[in-house]
2 protein chains.
Amino acid sequence: MNIPKANATSKDVAKLAGVSQSTVSRVFLPGSSVSEKTKNKVFAAAKTLNYRPNAFARSLTTNESKLIGLVFPDTDYPLHMKTLQLISSELQKQGYSAVLIPWQVDDEALHSIPNIFQYRVDGVIAASATFNKSLYEECAEFNIPVVQFARVVEGTRSSHVVSDNYAAGQTAAKHFHNNGVKSAIYLTGDIPTFTNNERKAGFCSEFESLTNKQAHVVEASFDYTEALDKIRVVLSQVNRPDGVFCATDNIAMALMDVARLEFGLKIPDDLQVIGFDNIPQAEWLNYQLSTFNQDFKRLARESVKIIVDQISQNDSTLVKLMLPANFIERKTTR
Amino acid sequence: MNIPKANATSKDVAKLAGVSQSTVSRVFLPGSSVSEKTKNKVFAAAKTLNYRPNAFARSLTTNESKLIGLVFPDTDYPLHMKTLQLISSELQKQGYSAVLIPWQVDDEALHSIPNIFQYRVDGVIAASATFNKSLYEECAEFNIPVVQFARVVEGTRSSHVVSDNYAAGQTAAKHFHNNGVKSAIYLTGDIPTFTNNERKAGFCSEFESLTNKQAHVVEASFDYTEALDKIRVVLSQVNRPDGVFCATDNIAMALMDVARLEFGLKIPDDLQVIGFDNIPQAEWLNYQLSTFNQDFKRLARESVKIIVDQISQNDSTLVKLMLPANFIERKTTR
DNA sequence: CTGAAAGCGCTTACAG
DNA sequence: CTGAAAGCGCTTACAG
């Protein structure tokens, strides 16, 4: 076995196959007119030399990189990995690859962005809710389409694919009402996001219109440990709530732990809980949390579709999709 | 405000600044000799035109892409996101960007790899334990260095940075012995990995040499739900174990849930549990799991350092690092 | 269907 | 310190 040259070029392949370099190029371009015979010769030569077209050289002439920038969150939420997984493999199906744009909120933002734009990504998928707007401006400046995944940063104009958070909030309120909840609260984290606000608004307005009572909003934290103290305050109140809709499953679990372990409350008898996200822990024996499931697979597919369409058709139409989030009833509601 | 041209080139900048194109190029190359004066002229022009050097064109001449392929796991384990985060920002500090190589175990493997090699990544960091060897072979063929992060695929020759799993296993055994555990088992998942085997070996051999009793190994699943039944079998045994070292925190939590909720066992009184990974849930009120913490930050830093060194010095020395994993004692051990 | 040639936007010896 | 020119490995009109 002879060792193939580390990096064969189309020229090398051409020489070995006895054709011109442009012919080799055509062979690797889908839809070009090449005879079966030369095609086979070229493939054979390419195989011998272990040839792969150089994507950089291609980008230089075609002016598209087939690279999508992926802005991803800096938190450790159990779902994000799956998200990345889905987006990235969906991208691959369409012939694109994903370049990571890590986004640290507390970073000297100016540094990481320019870096990434040296690679001329064809588009950006943003799966982070908490980053600032400079990225959007930067993209606009370079005419790079961006689609927001499962969230929308306020004050930005871009396509997005999200779950219908408002409707989810309404559904939660209806369930509480049907299950006899008298005093409800919306327990949320400290960072306001658009999708979270939607959930809150849907929940509060629906609960009020149904019961004529106001659902209070309590701001704790998206971090389990940091949320604990606020939760203790809530459960110590004289008129303790008997129904809590939580902004995330994570918060819901903090609530359940404190309620059961420190206040000796029974769930759902003394307290009904609904979460949001359907993280893996939601179906654990100890939690069995009623929650909302987002269709991440479809969210991924749709956001990739949008970005690819915008790139290939050079169409800057803003697309905003809102997919239903399904209520999963488990054991924390009656 | 005038709209800057979407994609200014060094030529455009040169014209505006009144210098040659090569001078512009030098200005953006660290360590080139350019006078302060022309440097400023060029920077000004670049700013006006919103110029960014085109990384693809650069790659074409320098023959390095400043891109690192990142193979990441297909599971939803809570730690992986943090891992990605750390590696990717560490990479950024060194002037590299990360391209995602999603790895589906059940994929027509041949399809996704070649795709990625069209981008000529300078190196690969593999953070997935379960993928097959073709990637390694592919990398070898193209002379691309790879370093394995926190795991090692058996039968591959490549650098790696891992925690000292054997020592962790020993530590767990010592703790059990000191705490009076009489009957110990190692509870693991279904997919054998090198690091997991190390943990098991360290635990079993140490427990035996300490107590003269054998520690049994039970194979359940890395998936919470799938692990449940095997756990029920274990706890139903006549001589139920009083100490279980789990391959992951995830399994440990499945064990705790079943033990407490279905068998009414008290932890740590009736059963002592040690996990591995220190996932966020380990410090939740309901678990307070004693476990081992891997220094992911350092693992990330070291693996990036190795890959960058190998690239820049074109040095193919295999580096194998083994960092200590710290035992975090919480409430599931006495 | 195929080849020769120009060009994509850089870097890098080579002169000066 | 600076400029003119070659070259990196492709794609893409343009001829034939």
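Naming convention: chains lettered A, B, ... in sequence-line order (proteins, then strands); numbering from 1 in each chain. No experiment lies behind these values; they were computed from the predicted model shown.
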Within-4.5 Å side-chain heavy-atom neighbours: B:Leu67 and B:Arg120: no
Considering just the side-chain nitrogens and oxygens of A:Tyr51, establish if one lies under 4.0 Å of OP1 or OP2 belonging to D:dC10. yes
With B:Thr61, which residues qualify under side-chain contact (heavy atoms from CB on, under 4.5 Å), at least two apart? none
Of B:Asn63 and B:Thr38, the one whose nearest nucleotide on DNA chain D sits closer to the 5' end is B:Thr38
Closest nucleotide of DNA chain C for A:Lys39 versus for B:Ser10: which of these residues is on the 5' side? A:Lys39
So does B:Ser158 get a backbone contact from the side chain of B:Thr156, meaning a donor-acceptor N/O pair under 3.5 Å? no
For D:dT2, does either OP1 or OP2 sit under 4.0 Å from a side-chain N or O belonging to B:Ser35? yes
For A:Gln21 and C:dA4, give me the distance from atom CD to atom C1', rounded to whole Å. 10 Å
Using a distance-only criterion (donor-acceptor N/O pair, under 3.5 Å, no hydrogens), is the base of C:dG3 paired with the side chain of A:Arg26? yes
Distance, rounded to the nearest Å, where A:Arg58 contributes CZ and D:dC8 contributes P: 19 Å
Would you mind pulling out the nucleotide paired to D:dA4, Watson-Crick or G-U wobble, both distances under 3.5 Å? none
Specify the separation, in whole Å, of atom NZ of A:Lys41 and atom C1' of C:dT2. 11 Å
Write down the partner of C:dA13 under the Watson-Crick or G-U wobble criteria, each distance required to be under 3.5 Å. none
Find the distance B:Glu36:CD to D:dT2:P and express it as a whole number of Å. 10 Å
Check: B:Thr9 main-chain N/O paired with B:Asp12 side-chain donor or acceptor under 3.5 Å: yes
Closest to the 5' end of DNA chain C, once B:Thr61 and A:Ala57 are matched to their nearest nucleotides, is A:Ala57
A:Leu60 CG to C:dG7 C1', straight-line distance once rounded to whole Å: 9 Å
Please name all residues satisfying ring pair (Phe, Tyr, Trp, His ring centres under 6.0 Å) with A:Phe28, sequence neighbours left out, ordered by chain then number. A:Phe43, A:Tyr51
Atom-to-atom span, CG of A:Asp12 to C1' of D:dG9 - whole angstrom: 10 Å
Starting the side chain at C-beta, find the nucleotide from D:dG9, D:dA4, C:dC10 nearest to A:Asn54. D:dG9
Rounding to an integer number of Å, can you tell me how far B:Tyr119 OH sits from D:dG9 P? 18 Å
What is the nucleic acid contact for B:Thr62, judged by heavy atoms within less than 4.0 Å: base, sugar-phosphate only, or nothing? sugar-phosphate
Whole angstrom is fine here: how far is it from CD in A:Glu64 over to C1' in C:dG9? 17 Å
Heavy atoms from C-beta onward define the side chain here; which of D:dC10, C:dT12, C:dG3 lies closest to that of A:Ser20? C:dG3
Should B:Thr23 be listed as having a side-chain N or O under 4.0 Å from OP1 or OP2 of D:dG3? yes
